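Below is one structure, written out as structure tokens; the observations come after it.
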Amino acid sequence: MKPHPQQARWRHYLGLYREFINNCVAEAMSYRLHFALMIVMDLIFYLSLLGAVDFLFAHLERIGPWGRDQFMFFMGFLIAVEHLHMTFISENFWIFSSDIRLGKLDFTLLKPVNGIFVCFFRFMRPATLINGLVPWGLLIYYGLRLELGALQWILLFPLVLLALALLTSVEIVLSMSMFWIIESMGLNFLRMQLQKVARWPDFVYHYYARKLFSYAIPVLMVGSAPVKVLFNLEHWPELLKLLLILIACWALIAYLWHKGLNAYESASS
Amino acid sequence: MRQSIPRTQLHREKDKWLATFRINWSKQMAYKLNFLLLVLGPILVFFFIRYNLWSSIYQLQGVTEIQGYNRGQMLSYQAWVMIVALLAMGYSGMNLAEEIRLGRISAYLLYPFGFWPFHTASFLAFQWLQFFISFLTLSALLLRGWVLWPTPQGLFHGLLFSLCVSFFWYQANFLIGILAFWLEETWILRVMLITVAQFFSGSLIPLELFPSWLVDILQYLPFPYLTYVPVKIFMGTYTGSMPLAYSAILIWSLILSAVVYGVWRRGLRNYTAAGM
């Protein structure tokens with residue numbers, strides 16, 4: 001029996017993604033020191049982030065509505081999102097930037113698959129996958145201390161994935177400007193700075209900053225919206241907002257991708 | 001006649017350094033938006049986060065003082081952290097690893113202007129730009145009243161100390177860059193250094209908020225001298241010994257320079273001049 005075309009398309013892309021993973025694992029294993037350094041780098045990053053919060057709470061009872069445990073859970077959630085982002089997505093933005101500058105994007109565009117899929121999901125850093133134990137350990141430890149209910153535990157992983165989807169989508173929208181900027185190392189730095197903005201809950205920001213980073217460049221929705229829902233299910237409209245923003249991002253990506261391709265000058269040709 | 005030869009050599013050297021200055025400025029300015037995002041973006045965003053975080057901590061909790069810092073002092077501390085970062089934290093040497101890996105340094109080995117002088121001249125050219133940007137930023141902060149006017153002595157020592165820190169950062173970045181003689185990628189080491197330095201130098205949280213046992217250990221490391229000490233000097237609240245602070249940053253810079261020299265010499269023996 002012939003599979004449904006949509007089903008065949010999914011299978012085709014899953015097969016491709018499996019090949020991407022195999023290639024990246026093989027490549028990562030050939031540079032063992034690099035592999036080990038990546039793990040150490042991530043651990044240092046996690047420790048610095050958690051250390052900052054810990055030192056703050058040595059002098060404070062609460063920051064806004066949250067105490068130490070809520071803040072640590074939030075950090076765990078953000079680290080879990082960034083860990084997946086670092087492992088599966090991050091590398092592609094740097095390569096996308098250099099591909100546009102050097103005209104190597106031509107080879108991606110010639111392939112009979114969706115260009116966005118190849119550009120943003122082709123490369124990954126398997127080394128950092130091991131570090132997933134840290135954020136998930138934190139989430140479980142502080143989740144238990146906060147006495148999360150069964151539904152919250154069930155929602156935890158899907159919400160991490162949803163947050164990852166939003167972060168990735170916002171960054172892809174930003175990266176579309178690389179078609180016009182050409183030298184985009186600075187833009188990649190900006191992207192990383194926006195991740196730093198997302199690492200603190202929305203209530204620490206002033207009114208206008210909160211609105212700007214919740215709706216115009218919605219990086220604050222990445223952590224704050226899902227964690228608020230996990231702490232209190234009555235905040236479910238936050239998730240609705242997050243989904244609407246996600247859909248808006250995808251529409252914007254589709255539009256900007258086509259505009260960008262028209263502006264692409266193919267440096268090597 | 002005897003004297004004219006060294007003078008000509010001196011002129012030639014000066015011309016090479018000035019030419020490198022000019023090339024570097026044009027390279028930086030070729031992509032202005034990229035320059036702004038690369039140099040200003042991270043520092044401004046970092047300041048924006050800390051400003052919001054500390055404002056909200058004081059406002060939301062209604063606290064008036066944390067470890068001797070009231071709201072105004074804490075925000076002033078964070079503003080000076082931004083100025084020190086602008087003055088001292090360059091990104092020179094970011095492309096060193098690529099130059100070594102792709103064999104591009106072969107050219108420097110043949111040219112009558114070495115690899116280290118070329119990069120040092122580029123660093124100094126970049127430092128001028130940083131200095132100019134810092135001056136504009138500091139003027140804006142002073143006009144808005146976010147920082148108090150430093151005393152002439154505080155300003156002089158703050159600037160001088162920041163320049164020493166800048167040289168330290170340059171040497172540290174150079175060292176990481178030339179490790180490309182052995183490593184495939186060196187950006188990971190740079191990220192590690194920045195993460196560790198930002199945390200332990202008091203960039204986000206002043207050292208007064210650190211546990212005392214950690215502060216005791218940090219005194220023997222270069223980190224507090226990279227941000228906390230110059231910020232305190234600018235603010236006029238540094239209580240330590242100034243000669244000791246200068247000695248510490250200079251000794252760490254000298255140690256780094258010696259390591260750079262040793263690593264460069266050993267690295268050259270390893271160099272395969274890929275693509276030649």
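This structure is a prediction, so every number in the text was calculated from the model and none was measured. Numbered from 1 within each chain, the chains take letters A, B, ... in sequence-line order.
A donor-acceptor contact under 3.5 angstrom links the side chains of Arg190(B) and Asn173(B), judged on distance only. Gln198(B) and Ser48(A) share no side-chain donor-acceptor pair at under 3.5 Å.
When side chains are defined from C-beta on, Trp54(B) does not count as touching Tyr77(B), because their heavy atoms never get closer than 4.5 Å.
With chain A as partner, the option from Thr195(B), Val63(B), Val196(B), Leu189(B) having the largest number of non-hydrogen pairs under 4.5 angstrom is Thr195(B). For the set Leu190(A), Asn188(A), Asp54(A), Leu37(A), the entry with the most heavy-atom pairs within less than 4.5 Å of chain B is Leu37(A).
For chain B, the nearby parts of Ile63(A) are the backbone and the side chain; heavy atoms of each come within less than 4.5 Å. Only the side chain of Trp187(B) comes within less than 4.5 Å of a heavy atom in chain A; its backbone stays farther off. The part of Leu60(A) that comes within reach of chain B is its side chain, from C-beta onward, which places non-hydrogen atoms under 4.5 angstrom from that chain. Heavy-atom distances place the side chain of Leu183(B), and not its backbone, under 4.5 Å from chain A. At a 4.5 Å heavy-atom cutoff, Leu44(B) makes no contact with chain A through either its backbone or its side chain. Residue Ala58(A) does not touch chain B at all, counting heavy-atom pairs closer than 4.5 Å. Proximity to chain A (any heavy atom under 4.5 Å) is restricted, for Leu204(B), to the side chain, taken from C-beta onward. If you measure heavy-atom distances from Leu209(B) to chain A, the contacts under 4.5 Å come from both the backbone and the side chain. Using a 4.5 Å cut-off between heavy atoms, His206(A) touches chain B through backbone and side chain atoms alike.
Under the 4.0 Å criterion applied to side-chain N and carboxylate O atoms, Lys232(B) and Glu208(B) are assigned as salt-bridge partners. Contact check on Arg71(B) versus Glu65(B) returns no salt bridge, with no Lys/Arg side-chain nitrogen under 4.0 Å from an Asp/Glu carboxylate oxygen.
In this structure Phe46(B) satisfies the ring-ring contact (aromatic ring centres under 6.0 Å, His included) test with no other residue, sequence neighbours excluded.
Taking CG from Leu50(A) and CZ from Phe45(A), the interatomic distance works out to 9.0 Å, rounded to the nearest 0.5 Å.
Note: Trp257(A) and Phe179(A) meet the aromatic proximity criterion, with ring centroids under 6.0 Å apart.
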